[in-house]
Amino acid sequence: QVQLVESGGGLVQPGGSLRLSCVASGSIFSIYTMGWYRQAPGKQRELVARITSDKSMNYADSVKGRFTISRDFAKNTVYLQMNSLKPEDTAVYYCNANLWTIGTMTASDYWGQGTQVTVSS
């Protein structure tokens, strides 16, 4: 059993900042990637940012230079610092982890329940 618990969403004005956190817990053997996806109303879920176990990072073009992903490997936690937020960043943000659980041979994707980010004046 694996759980991903997000926190840090909320309402912010355009140009403001928020920091999202996600903690993975349970029968985890090893985590390969941790990342954030988002889904706006009427749109498909899209990758925002992802960080691998060797600290390789990639970002959606729309957030480059504004968002920063980081990871605390010891705490199985991933963060997303979001600066210069725009109304188009409004979405439900989901934490994702690709990991091996204890006793398994293949990695699987796990998802958090999502946290709402609303950028509005």
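Nothing here was measured: the structure is a model prediction, and the numbers come from that model.
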K.L.:
Rounded to the nearest 0.5 Å, what separation is found between the OG atom of S62 and the CG atom of L47?
P.N.:
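Nearest 0.5 Å value for the OG-CG distance: 9.5 Å.
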K.L.:
How many angstroms lie between CD in Q1 and CD1 in I102, if you round to the nearest 0.5 Å?
P.N.:
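Going from CD on Q1 over to CD1 on I102, the span is 13.0 Å.
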K.L.:
Test of understanding: clusters of I, L, V, M, F, W, Y form through side-chain heavy atoms closer than 4.5 Å, transitively. Do V2 and V5 belong to the same one?
P.N.:
no
K.L.:
Between V48 and Y37, what is the shortest heavy-atom contact and its length?
P.N.:
CG2-C, 3.9 Å
K.L.:
Cut-off 3.5 Å, no hydrogens considered: what does the side-chain donor-acceptor table look like for residues 13-33, sequence neighbours left out?
P.N.:
from : atom 1 : to  : atom 2 : distance (Å)
S17  : OG     : N83 : OD1    : 2.9

K.L.:
Does Q113 have more than 12 heavy atoms from other residues, nucleotides or ligands lying within 6.0 Å of its CD?
P.N.:
no
K.L.:
Cation-pi check, R38 to Y94: give yes when NZ or CZ is under 6.0 Å from the six-membered ring centre and within 45° of the ring axis, no otherwise.
P.N.:
no
K.L.:
Could you check if a side-chain atom of F73 sits within less than 4.5 angstrom of a side-chain atom of M34, using non-hydrogen atoms only?
P.N.:
no
K.L.:
I need the minimum non-hydrogen distance between A49 and Y59, along with the two atoms involved.
P.N.:
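Nearest pair, atom of A49 first, then Y59: CB-CD2, 3.5 Å.
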K.L.:
Carefully, step by step, assess T52 and D54 under the rule side chain to side chain donor-acceptor pair (under 3.5 Å).
P.N.:
CA-CA 5 Å; T52 66; D54 62 358; 2.2 Å; yes
K.L.:
Hey, could you give me the CZ/CG distance between R66 and L85, rounded to the nearest 0.5 Å?
P.N.:
6.5 Å
K.L.:
Looking only at heavy atoms, which two atoms of M105 and W100 are closest? And how far apart?
P.N.:
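Looks like O-NE1, 3.7 Å.
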K.L.:
How far apart are the C-alpha atoms of F67 and W36, what are their side-chain angles, what is the distance that settles it, and do they pass the ring pair (Phe, Tyr, Trp, His ring centres under 6.0 Å) test?
P.N.:
CA-CA 11 Å; F67 291 10; W36 294 93; over 10 Å; no
K.L.:
To the nearest 0.5 angstrom, please state how far the CG atom of N58 sits from the CZ atom of R50.
P.N.:
4.5 Å
K.L.:
Quick one: does any side-chain atom of T77 pair with a main-chain N or O of K75 as donor and acceptor, under 3.5 Å?
P.N.:
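Looks like yes, one N/O pair under 3.5 Å.
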K.L.:
Using modelled atom types and a 3.5 Å cut-off, is there a donor and acceptor pairing between side-chain atoms of R71 and backbone atoms of V78?
P.N.:
no
K.L.:
Within a reach of under 6.0 Å around CD of Q44, are more than 12 heavy atoms found that belong to other residues, nucleotides or ligands?
P.N.:
no
K.L.:
Do Q3 and Y110 come close enough that some side-chain heavy atom pair is under 4.5 Å?
P.N.:
no
K.L.:
Would you check if the side chain of Q39 reaches a backbone N or O of V92 as a donor-acceptor pair within less than 3.5 Å?
P.N.:
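Pair absent, no side-chain N/O of Q39 close to backbone of V92.
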K.L.:
Which distance, rounded to the nearest 0.5 Å, do you find between the OG of S56 and the CD1 of I51?
P.N.:
8.5 Å
K.L.:
Any chain of hydrophobic side-chain contacts (each under 4.5 Å) joining Y79 to L4?
P.N.:
no
K.L.:
Is there a donor-acceptor pair closer than 3.5 Å between any side-chain N or O of T90 and the backbone N or O of V119?
P.N.:
yes
K.L.:
Salt bridge or not between K64 and D61? Use side-chain N to carboxylate O under 4.0 Å.
P.N.:
yes
K.L.:
Is the shortest side-chain heavy-atom distance between T68 and L80 below 4.5 Å?
P.N.:
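Side-chain contact under 4.5 Å: no.
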